[in-house]
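Here is how names work: the chains are called A, B, and so on, in the same order as the sequence lines, proteins then strands, and each is numbered from 1.
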Protein chains: 2
Amino acid sequence: MAEKTAGSAVRITEALRADILGGLLRPGERIRQEVLAERYGASRLPVRDALRSLEAEGLVILVPNTGAWVAKLSLDECQEVYQVRERVEPLLLRMSVPGLQQSALDRLLPLVEAMRGAAHVEEFLALDREFHMLTYSGAETTMLGELVERLWNTTQHYRRAFALLGTERTARGIHLEHELLALAILRGDVEDAGRVLLGHIRTTRLELSRHPEVFHVLDGA
Amino acid sequence: MAEKTAGSAVRITEALRADILGGLLRPGERIRQEVLAERYGASRLPVRDALRSLEAEGLVILVPNTGAWVAKLSLDECQEVYQVRERVEPLLLRMSVPGLQQSALDRLLPLVEAMRGAAHVEEFLALDREFHMLTYSGAETTMLGELVERLWNTTQHYRRAFALLGTERTARGIHLEHELLALAILRGDVEDAGRVLLGHIRTTRLELSRHPEVFHVLDGA
DNA sequence: TAAACATAGATTGGATACATTTTCAAGCCT
DNA sequence: AGGCTTGAAAATGTATCCAATCTATGTTTA
């Protein structure tokens, strides 16, 4: 009775999404409806609903009458996502900056510092996500925000793998870009902030293209 | 036996999408699962699957334990879609042009002419969609193509309403832009083609912002 | 020996039936 | 008379059961 039984499907959707994003389910891995049904203590129907939702989010691949797999991105597909991000996220940032709350502004630089001192990769990824999403929190968008979140989600595995083999130099570059971005936002300079963000995403994409082993590592698993 | 029973859910998804895009179901209208189940000669389960898929496409709004409605866009949300299109479609076009088949190139200008002679609004909309999708047919993208198609779908109603009250001058402008776009593509000038396309979408967006009655008309229905 | 076929097993898809939630309207109280 | 409460009806969410489809293994044949 402690937990509401209402909306079991959405609960499973969120749990499954978290499991995929968290790395518990790896790209290319097959998903069996019965296994999930048992794991989450429900019937196969809400599981099917969840799979359909996640398929539309790009996290799951559904083949009729055959089964479901955790979505797997090729190097080219991943680059495609980053190219779209380059064009879409500066727009979202532009919509967001004028509406940012003071409380959000106050947390920007502390988050940058926290990222510098992050111990594990997981912690860095979480802080990085929190930082960028915070910069978007001023935009009241129904569609664009969800799109950006989807783009982040679909590349989550590769961001983790990439962060793992990140060299010292690229790490310092990322921190500098984050700080530049935060300062531009604090100045309210939308143009400059957008430019820095574009460069940040582009740099990551080019860096990623020089490390195709990120994808082979995942393929082997 | 004439029709395959396999994948009833996907069949219903496509039929329902076509009904929404075709205007049979109007924005804001409530969708009852039983009604659809009876209309398409199936149980409520595949209908639910279809609704979930379409919700992720942005064509349907699902509220847990309450019901489903045909998605409705406000003026601001519609502008948002167009702003995203301005940034994303030139990218898709850039990826497409180098890979366009000769057969596709041969159909570009005839389609522009066909649009000039379109009798009904529906015919114009269909040709317009065919033309633009043809310009994207050279890109082998898994995600970006689907994204663009979704963006088109969600604004389908408003494109129709807008085309209905289109003035003579804007109509001629649109035809000129289409012809310019086709010529740039035939020249293989990716940069210019992207510029023309960006201008084309932006012009439409600004034109749309000057006709907010498009949205009131739909609200009343 | 290798390739193709057939059969058995497993898995997904759909239909019916039931529990839960929401909504709407009538009745009651203020 | 108006607003709130209560109860019934309708619609959604879930579980169980059955049918259709795909995969894999083992067998047979060229």
Side-chain angles (χ1 to χ4, degrees), chain A residues 1-20 24-72 219 221, chain B residues 1-20 24-72:
Chain A
M1 290 300 168
E3 64 182 41
K4 281 193 170 182
T5 60
S8 176
V10 294
R11 180 176 58 87
I12 293 180
T13 304
E14 291 170 4
L16 190 54
R17 187 191 298 122
D19 284 348
I20 294 178
L24 206 142
L25 295 169
R26 308 177 70 163
E29 188 174 339
R30 178 157 190 184
I31 303 174
R32 293 222 166 70
Q33 298 183 356
E34 282 193 18
V35 177
L36 294 186
E38 188 180 3
R39 178 186 302 177
Y40 299 117
S43 170
R44 269 177 42 221
L45 260 91
V47 172
R48 283 180 44 186
D49 284 352
L51 288 177
R52 240 171 228 289
S53 293
L54 294 176
E55 184 207 18
E57 288 183 29
L59 263 56
V60 164
I61 301 294
L62 268 178
V63 179
N65 288 323
T66 303
W69 285 262
V70 179
K72 188 170 64 176
D219 284 347
Chain B
M1 290 298 168
E3 66 183 40
K4 281 193 172 183
T5 59
S8 177
V10 294
R11 180 175 57 85
I12 294 180
T13 304
E14 291 169 4
L16 190 53
R17 187 190 299 123
D19 284 349
I20 294 178
L24 206 142
L25 296 170
R26 309 179 69 166
E29 189 174 339
R30 177 156 191 185
I31 302 174
R32 294 220 162 71
Q33 297 183 357
E34 283 192 15
V35 176
L36 294 185
E38 189 180 4
R39 179 188 301 177
Y40 299 117
S43 170
R44 270 176 41 221
L45 260 85
V47 171
R48 281 170 48 92
D49 284 351
L51 288 177
R52 242 171 227 289
S53 293
L54 293 177
E55 184 207 19
E57 288 183 30
L59 262 56
V60 164
I61 302 293
L62 267 180
V63 179
N65 288 321
T66 304
W69 285 263
V70 178
K72 188 170 64 176

Task: Rounded distance in Å - CD (B:Glu34) to P (D:dG13) - done: 13 Å

Task: Of the listed nucleotides C:dT23, C:dT12, D:dT14, the one nearest the side chain of B:Thr66 - done: C:dT23

- [ ] Rounded off to whole Å, could you give me the CZ-to-P distance for the B:Arg30 and D:dA11 pair?
- [x] 8 Å

Open item on the list: Without decimals, in angstroms, what is the distance between B:Glu38 CD and D:dA11 C1'?
Closed with: 15 Å

- [ ] Would you tell me if any nitrogen or oxygen in the side chain of A:Gln33 comes within less than 4.0 Å of OP1 or OP2 on C:dG13?
- [x] yes

Task: Rounded distance [0.5 Å steps], CD in A:Glu57 versus CD1 in A:Ile20 - done: 9.0 Å

Task: Base C:dG14 to side chain B:Arg44, donor-acceptor N/O within 3.5 Å cut-off - done: no

TODO: Could you work out which one of C:dT12, C:dA15, C:dT22 sits closest to the side chain of A:Leu45?
DONE: C:dA15

Open item on the list: I'd like to know if the side chain of A:Thr66 reaches the main chain of A:Pro64, judged simply by a donor and an acceptor atom lying under 3.5 Å from each other, with no hydrogens or angles considered.
Closed with: yes

Task: Between C1' of D:dA11 and CG of B:Leu62, the distance in whole Å - done: 13 Å

Open item on the list: Return the CZ to CZ distance between A:Arg48 and B:Arg48, rounded to the nearest 0.5 Å.
Closed with: 9.5 Å

Open item on the list: Using a 4.0 Å heavy-atom cut-off, does B:Leu51 contact any base of the nucleic acid, only the sugar-phosphate backbone, or nothing at all?
Closed with: nothing

Open item on the list: Please report the interatomic distance CG(B:Leu25) to CZ(B:Arg17), rounded to the nearest 0.5 Å.
Closed with: 13.5 Å

Open item on the list: What is the separation between atom CZ on B:Arg52 and atom C1' on C:dG13, rounded to the nearest whole Å?
Closed with: 17 Å

- [ ] Would you state whether a donor and an acceptor, one from the side chain of A:Arg48 and one from the base of C:dG14, lie under 3.5 Å apart?
- [x] yes

TODO: Compare the minimum distances between each of D:dA11, D:dA15, C:dG14 and the side chain of A:Ser43, then state the nucleotide with the smallest one.
DONE: D:dA15

Open item on the list: Rounded to whole Å, please give me the gap between CZ in B:Arg11 and C1' in D:dA20.
Closed with: 15 Å

Task: Side chain to side chain, A:Val47 and A:Leu51, heavy atoms closer than 4.5 Å - done: yes

Open item on the list: Output the rounded distance in Å from OH (A:Tyr40) to P (D:dT14).
Closed with: 15 Å

Open item on the list: Without decimals, in angstroms, what is the distance between B:Glu55 CD and D:dT12 P?
Closed with: 14 Å

Task: Residue B:Asn65, side-chain atoms from C-beta onward, closest of C:dG14, D:dA11, D:dG13 - done: D:dG13

